[in-house]
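See below for the structure under consideration.
Here is the naming used below: chain letters follow the sequence lines, and residue numbers restart at 1 for every chain.
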Amino acid sequence: MPGVAALLSERLQSAFDTLMPGSDPVLRPSDRADFQANGALALAKRLGRRPVEVAQAVVAAARLDDLCERVEVSGPGFVNLVVSTAFVQRSVRTMAEDHRLGVEPAASPERVVVTYSHPNVAKEMHVGHLRSTVIGDALCRMLGHLGHDVVRENHVGDWGTPFGMLIEHLADIGEEAAVAELSVGDLTGFYQAARSSFDADDAFKERSRRRVVLLQSGDPDTLRMWRVLVEHSITYFDEVYAKLGVLLTDDDVKGESFYNSMLPGVVADLDAAGLLVKDEGALCVFPRGFTNREGDPLPLIVQKSDGGFGYAATDLACIRDRVDSVRATRLLYVVGAPQSQHLQMCFEVARMAGWLPDGVTVEHVAFGSVLGADHRMLRTRAGTSVKLVDLLDEAVSRAADAMAERGRDADLDAEERHAVAHALGIGAVKYADLSTDRVRDYVFDWDRMLSFEGDTGPYLQYAHARIKSIFRRAASDAPTVAEAGTHEVAEQASAIVIATPEERALGLGLLGYASAIQDAVEASSPSKLCAYLYGLATTFTTFYERCPVLRAPDEATRRSRLALVETTARVLAEGLGLLGIEAPERM
RNA sequence: GCCCCCGUAGCUCAGCGGAUAGAGCACCGGCCUCCGGAGCCGGGAGCGCAGGUUCGAGUCCUGCCGGGGGCGCCA
């Protein structure tokens with residue numbers, strides 16, 4: 001089932017084609033009608049005709065009588081479209097019957113690599129990892145729902161010079177002690193201890209340097225210790241991911257070390273392509289369009305003057321691997337905005353080397369920073385970065401407090417109370433992160449994100465829980481509804497009758513679901529889905545205020561509204577699910 | 001110095017080249033024997049500045065101002 005907007009757009013397209021093939025109808029939601037087509041204005045210019053005439057010609061040519069009850073030219077040449085209630089009713093029934101809620105899988109599925117989260121071994125996950133992990137997770141879920149073949153990649157920082165000192169520190173304190181420290185998640189303590197030995201002790205520093213060489217040369221004992229660090233760190237990351245409720249697993253880890261064997265090939269092939277330049281001892285590529293502070297060409301250093309490979313080499317190897325081995329046609333990098341230039345340089349070098357063929361798209365899904373109330377990077381009072389687990393635990397604990405304050409937790413047992421607090425707290429943090437345009441910085445504010453009012457996770461979860469509450473009550477009133485269960489009520493889709501303005505508004509709102517997901521995926525912007533869901537929730541509450549469901553005037557209306565409201569709950573739950581946010585039955 | 005991102009209501013944010021720039025919070029005023037008031041209805045208040053492109057600019061271009069970030073061997 002094509003969406004309402006898509007259907008209208010299609011019909012208008014044929015009308016526009018009669019005037020000039022390929023001209024865009026520019027269909028948009030309207031505050032004066034349900035939709036408006038603005039394409040006539042631009043087309044008039046190209047045809048050298050009056051906009052109003054063009055609009056009239058479009059209206060005359062368009063076959064819309066089965067979809068619209070009113071089509072009129074307005075203003076300078078807008079075409080306002082009011083869809084017929086019968087069409088809304090028909091479409092909502094179809095949607096309610098569909099287990100995919102009208103969301104069609106992509107016509108040509110792609111294999112999409114999404115790289116996100118990327119914590120560093122033996123380093124604590126902090127708020128900086130929050131956005132990448134949460135945004136990447138939502139993108140994976142949405143892409144997957146549209147039928148794309150999603151390959152998640154967690155580019156864990158598991159290689160490089162710091163590992164010399166980390167391994168020496170591990171050797172010093174003994175593996176058992178190290179494992180004990182790492183397994184309880186005290187990665188910061190471990191890292192800092194290694195760091196301070198490195199800074200204070202010249203002998204340790206020298207051992208560390210030698211250890212790096214041993215690591216790179218594949219010394220078995222060194223590699224074994226390295227694996228201890230990596231494995232226990234990943235175990236810890238998994239705990240954080242479980243708490244956060246994201247899809248990442250061990251299978252998605254493709255750390256920097258994975259690409260080690262490919263690095264010489266990267267350099268050799270760049271050289272063979274004549275792109276490599278030796279500059280101040282380092283092997284560089286100079287992509288077009290990048291300059292440094294002196295205005296000189298800016299290099300991408302692939303091999304350092306000491307012979308070691310730079311991270312650019314790894315990033316280039318990644319691109320090749322994803323294109324050649326993973327066979328991906330779309331690469332998404334969920335990485336902070338500050339790394340924009342580095343990534344753009346890598347992409348450009350990959351293009352110059354012919355590693356990014358036509359048909360493969362690559363996109364930096366950039367995001368801004370998380371700011372504190374003072375509008376500076378969020379930090380603890382001590383000035384250190386905030387541990388992600390601490391932040392998540394606080395979210396859950398604050399959510400539990402909020403529930404207790406409202407007195408809504410009385411009829412929940414301890415287990416459910418805890419589960420709901422978790423869903424609310426984590427949901428609040430995720431929604432706050434996802435609902436803002438990702439490229440902007442956003443201000444982290446506990447009170448606002450945990451509020452049950454306004455554009456928040458808890459508000460959406462509440463709208464969902466209220467609907468579920470209707471069904472619980474309906475079940476006690478009339479066991480037949482209970483037997484039907486929630487999802488099977490959708491089979492009563494044929495009961496849906498759109499009669500009141502509020503029902504119509506809710507119906508139209510529901511019908512925007514599919515395109516909301518498509519828009520969000522197209523722009524790699526979960527915030528677009530957030531905005532849709534929030535709009536639907538507010539439309540629902542208006543409906544709910546004015547259209548009694550259980551106390552509907554007659555049985556037919558009651559059944560219709562139950563089905564309508566059930567569909568709303570499904571959209572809210574599924575939509576939140578695509579954002580990685582749980583929708584509890586009650587709260 | 002060069003490059004990138006951001007600047008919309010008191011605050012936090014939406015706005016895909018189109019009509020009168022929208023929400024939420026806060027504030028003010030209404031509503032309600034309310035299926036979960038964690039509600040509903042209404043009100044005031046805004047596009048950093050200056051040019052330009054366009055029939056039409058918050059949106060595109062240029063310059064300036066303000067904030068953040070980046071700028072060769074860390075990742």
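- Mapped onto RNA chain B by nearest heavy atom, F309(A) and D441(A) fall at different nucleotides, with D441(A) at the one closer to the 5' end.
- Two rings, from Y333(A) and F347(A), have their centers less than 6.0 Å apart.
- The residue A465(A) sits close to a base: some heavy atom pair falls under 4.0 Å.
- Partners of Y442(A) by ring pair (Phe, Tyr, Trp, His ring centres under 6.0 Å), not counting sequence neighbours: none found.
- Under the salt bridge (Lys or Arg N to Asp or Glu O under 4.0 Å) criterion, the residue pairs touching residues 362-376 of chain A are R330(A)-E363(A), with sequence neighbours excluded.
- A gap of 16 Å separates the P atoms of C47(B) and A57(B), to the nearest Å.
- For the segment residues 424-437 of chain A, residues with any heavy atom less than 4.0 angstrom from an atom of RNA chain B are, sorted by number, T436(A), D437(A).
- Among residue pairs with one or both ends in residues 49-59 of chain A, those qualifying as salt bridge (Lys or Arg N to Asp or Glu O under 4.0 Å) are R49(A)-E53(A), R50(A)-E53(A); sequence neighbours excluded.
- Among the nucleotides U12(B), C4(B), G36(B), the one closest to the side chain of S340(A) is C4(B).
- Residues of residues 541-549 of chain A that place a heavy atom closer than 4.0 Å to RNA chain B, in numerical order, are T541(A), T542(A), Y544(A), E545(A), R546(A), C547(A), P548(A), V549(A).
- Looking at R195(A) and D199(A), a side-chain N of the basic residue comes within less than 4.0 Å of a carboxylate O on the acidic one, giving a salt bridge.
- Atom-to-atom, NE2 of H375(A) to P of G7(B) comes out at 14 Å; the value is rounded to the nearest Å.
- OP1 or OP2 of C13(B) has at least one side-chain nitrogen or oxygen of R440(A) nearer than 4.0 Å.
- Sorted by first and then second residue, the pairs that involve residues 540-550 of chain A and meet salt bridge (Lys or Arg N to Asp or Glu O under 4.0 Å), not counting sequence neighbours, are E502(A)-R546(A).
- The side chain of Y311(A) sits closest to A75(B) out of G72(B), G70(B), A75(B).
- When the nearest nucleotides of RNA chain B are assigned to A337(A) and S305(A) by heavy-atom distance, the more 5′-ward of the two goes with A337(A).
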For RNA chain B, what string of dots and brackets results from 5' to 3' when Watson-Crick and G-U pairs need both distances under 3.5 Å, crossing pairs get [ ], and pairs with another strand get |? (((((((..((((....[...)))).(((((.......)))))....(((((..]....))))))))))))....

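- Within the 4.0 angstrom heavy-atom criterion, only backbone atoms of the sugar-phosphate kind lie near E256(A); the bases stay farther away.
- Distance from the side chain of V443(A) is smallest to U12(B) among C35(B), U12(B), C71(B).
- A search for side chain to side chain contact (heavy atoms under 4.5 Å, CB included) contacts involving F290(A) returns P287(A), L298(A), Q341(A), Q344(A), M345(A), E348(A), not counting sequence neighbours.
- Counting atom types as modelled, D279(A) pairs a side-chain N or O with a base atom of G72(B) as donor and acceptor under 3.5 Å.
- With G36(B), C13(B), C40(B) as the candidates, the nucleotide lying closest to the side chain of Y459(A) is C40(B).
- Evaluation of the side chain to side chain contact (heavy atoms under 4.5 Å, CB included) rule for A317(A) yields Y259(A), M262(A), L263(A), V266(A) as partners, not counting sequence neighbours.
- One can place CD of E502(A) at 15 Å from C1' of G39(B), the figure rounded to the nearest angstrom.
- Atom C1' of G17(B) sits at a distance of 26 Å from the matching atom of C65(B), rounded to the whole Å.
- Under the 6.0 Å cut-off for aromatic ring centres, Y459(A) and Y534(A) qualify, their centroids lying closer than that.
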Dump the pairs, protein N or O against N or O of nucleotides 17-27 of chain B, anything under 3.5 Å, distances to one decimal.
| from | atom 1 | to | atom 2 | distance (Å) |
| --- | --- | --- | --- | --- |
| G18(B) | O6 | A42(A) | N | 3.4 |
| A19(B) | O2' | R32(A) | NH2 | 2.3 |
| A19(B) | N7 | Q36(A) | OE1 | 3.2 |
| A19(B) | N7 | Q36(A) | NE2 | 3.2 |
| A19(B) | N6 | Q36(A) | OE1 | 3.3 |
| A19(B) | N6 | N80(A) | OD1 | 2.4 |
| A19(B) | N6 | N80(A) | ND2 | 3.3 |
| A19(B) | N1 | S74(A) | OG | 2.8 |
| A19(B) | N3 | R32(A) | NH1 | 3.2 |

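- Ring to ring, Y311(A) and H342(A) are close: their centroids are under 6.0 angstrom apart.
- Across all strands, A531(A) comes closer than 4.0 Å to no nucleic acid atom at all (heavy-atom distances).
- Contacts of H342(A) with the nucleic acid, taken as non-hydrogen atoms under 4.0 Å apart, are absent.
- The list of side-chain hydrogen bond (donor to acceptor under 3.5 Å, both in side chains) pairs with a residue in residues 513-523 of chain A, not counting sequence neighbours, reads Y513(A)-E574(A).
- With distances taken from any side-chain atom of V439(A) to the nucleotides A75(B), C35(B), C5(B), the minimum falls on C5(B).
- Contact annotation: K304(A) reaches the phosphate of C74(B) (side-chain N/O to OP1 or OP2, under 4.0 Å).
- Qualifying side chain to side chain donor-acceptor pair (under 3.5 Å) partners for D34(A), counting only residues two or more places apart in sequence or in other chains: R504(A).
- Across all strands, P297(A) comes closer than 4.0 Å to no nucleic acid atom at all (heavy-atom distances).
- By the 4.0 Å N-to-carboxylate-O rule, D321(A) lies close enough to K254(A) to be salt-bridged with it.
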